[in-house]
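Each remark here refers to the structure printed beneath this line.
Whatever order the structure lists them in is the order used to number ligands and atoms, beginning at 1.
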Amino acid sequence: VIIIGELINSTRKKIYSAIEARDMNYIKDIAKKQVDAGANYVDVNSGAFVGKEPEYMEWLIKTVREVTDAPLSIDSPNIEAIEVGLKLAGENAIVNSITAEKEKFGKLAPIVKKYNASVIALSMDDRGMLDDANEVLQIIEKMIMSLNELGIPNEKIFIDPLIKPISTNTCYGLDAMSIIEKVMTTYRNIHTICGLSNVSFGLPKRKLINQTFLMLLMAKGLDSAIIDPLDNRLMGMIATAEMLLGKDNFCMNYLNTDREGKLEGLV
Ligand code: THG
C-alpha cells in the first residue's frame with residue numbers, strides 16, 4: 001500500500017498552533033517520524049489559515065524539506081496554494097485534490113500536467129458529494145478520461161471515492177468496496193485511495209472501525225491510503241494484509257517487519 005502520512009494537517013489543533021508559532025522543530029519532527037514509520041508521501045495542509053494558505057504552504061514545505069526528500073502530497077482546496085506547493089515540492093509530488101467541479105477541474109488539471117505531478121481525484125462535481133454509487137462511478141470515468149486527454153496517465157491518478165460515515169447509512173461501507181473493486185478492475189494501472197476517519201464519524205472506538213475498514217477495502221484492491229503512519233497497529237495490519245493478499249513474495253516484508261520489532265505489542 002502506498003501510504004500518505006496525514007499528520008501535518010492544519011485542521012489538527014497541535015499543527016495549527018505549531019504553524020502559528022512558526023515552530024519548525026515540531027513540524028520537522030512529525031515529518032521525519034512519518035517517513036521513518038514508512039510513509040511514502042508526506043501530506044502538507046495549511047487550509048485552516050484562510051486567506052494565508054499559500055504563504056503557510058511555502059513555510060510548511062520549506063520546513064519539511066529540512067528533514068526529508070520524501071515526495072509530498074500538496075493538500076489544499078486553494079489552487080494558488082497548490083501551485084506554490086508544486087513549485088517548491090520538486091519531483092513526484094501528488095496534488096490533493098482535484099474534483100469534477102467544472103471551474104476547479106478546468107484550472108487545476110493543466111497545473112497538474114505542467115508540473116508532471118500525480119493527482120488525487122475526489123468523486124464529486126458541481127452537485128457536491130453524490131450518494132448513488134453508479135453516479136459516483138460516472139464522475140470517476142469522466143475525470144479519468146479528461147485527465148488522460150490532457151496527457152496525465154492512469155499511473156498518476158489516484159481515485160478517492162470519498163468515504164462517508166457508516167453511522168448515517170449502513171450501505172456506505174459496501175458502496176465504497178464496490179466502487180473500489182470496479183475502478184481497479186476497469187482501469188489498468190489506476191490507483192485507488194481513501195482517508196479512513198470519516199467512516200467512523202459519530203461512533204465509539206473509531207480506530208477499530210478505521211482499521212477494519214481498511215482491511216476490507218484492501219481486499220477489493222485499494223492500493224493507497226491517507227493514514228496516520230505512527231499508528232503501529234494499523235501499519236502492522238497493512239503489512240499482514242499485503243502478505244495474505246499475495247503481495248509479499250516469500251512473506252519477506254512481513255518477516256522483515258517483525259525482525260525490526262514493528263509487530264511487538266500487537267498480539
Ligand atoms: N481524502 C483525501 N484527503 C484527505 C482526506 C480524504 N485529507 C484530509 C483527511 N481526509 C485525511 N487527513 C486527516 C488528518 C488528520 C486527522 C484525520 C484525517 C486527525 N483527526 C483527529 C481525529 O480523528 O481524532 C482530530 C483532529 C485533531 O487531532 O485535532 O488527526 O479522505 N484525498
Can you give me every donor-acceptor pair (side chain of residues 173-182, partner residue at least two apart or in another chain, under 3.5 Å) with its distance?
residue	atom	partner	partner atom	Å
Ser178	OG	Asp175	O	3.2

**Request:** Could you please provide the protein residues found below 4.0 Å of ligand 1 on a heavy-atom basis, arranged by chain and number?
**Result:**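 The answer is Glu6, Asn9, Arg12, Lys13, Asp75, Asn96, Ile120, Leu122, Asp160, Gly195, Ser197, Ile226, counting any residue whose heavy atom sits under 4.0 Å from ligand 1.
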**Asked** What pairs meet the side-chain hydrogen bond (donor to acceptor under 3.5 Å, both in side chains) rule with one or both residues in residues 125-146, with sequence neighbours excluded?
**Response**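 Non-adjacent pairs meeting side-chain hydrogen bond (donor to acceptor under 3.5 Å, both in side chains): Asp125-Arg127, Asp131-Tyr172, Glu141-Tyr187.
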**Message:** Tell me which one of Leu86, Leu88, Ile82 satisfies side-chain contact (heavy atoms from CB on, under 4.5 Å) with Val84.
**Reply:**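 Going through the options one by one, the only one that passes is Leu88.
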**Asked** Between Asn96 (side chain) and Ser73 (backbone), is there a donor-acceptor pair under 3.5 Å?
**Response**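 The answer is no, because no donor-acceptor pair under 3.5 Å joins these two groups.
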Please list, one pair per line, the donor and acceptor atoms closer than 3.5 Å that link side chains of residues 50-60 to other protein atoms, with sequence neighbours excluded.
residue	atom	partner	partner atom	Å
Glu53	OE1	Ser76	OG	2.5
Glu58	OE2	Lys62	NZ	2.8

**Message:** Which residue is it: Gln211, Arg206, Lys205? I am looking for the one with a side chain to side chain donor-acceptor pair (under 3.5 Å) to Ser200.
**Reply:**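 It is Arg206; the other options fail the test.
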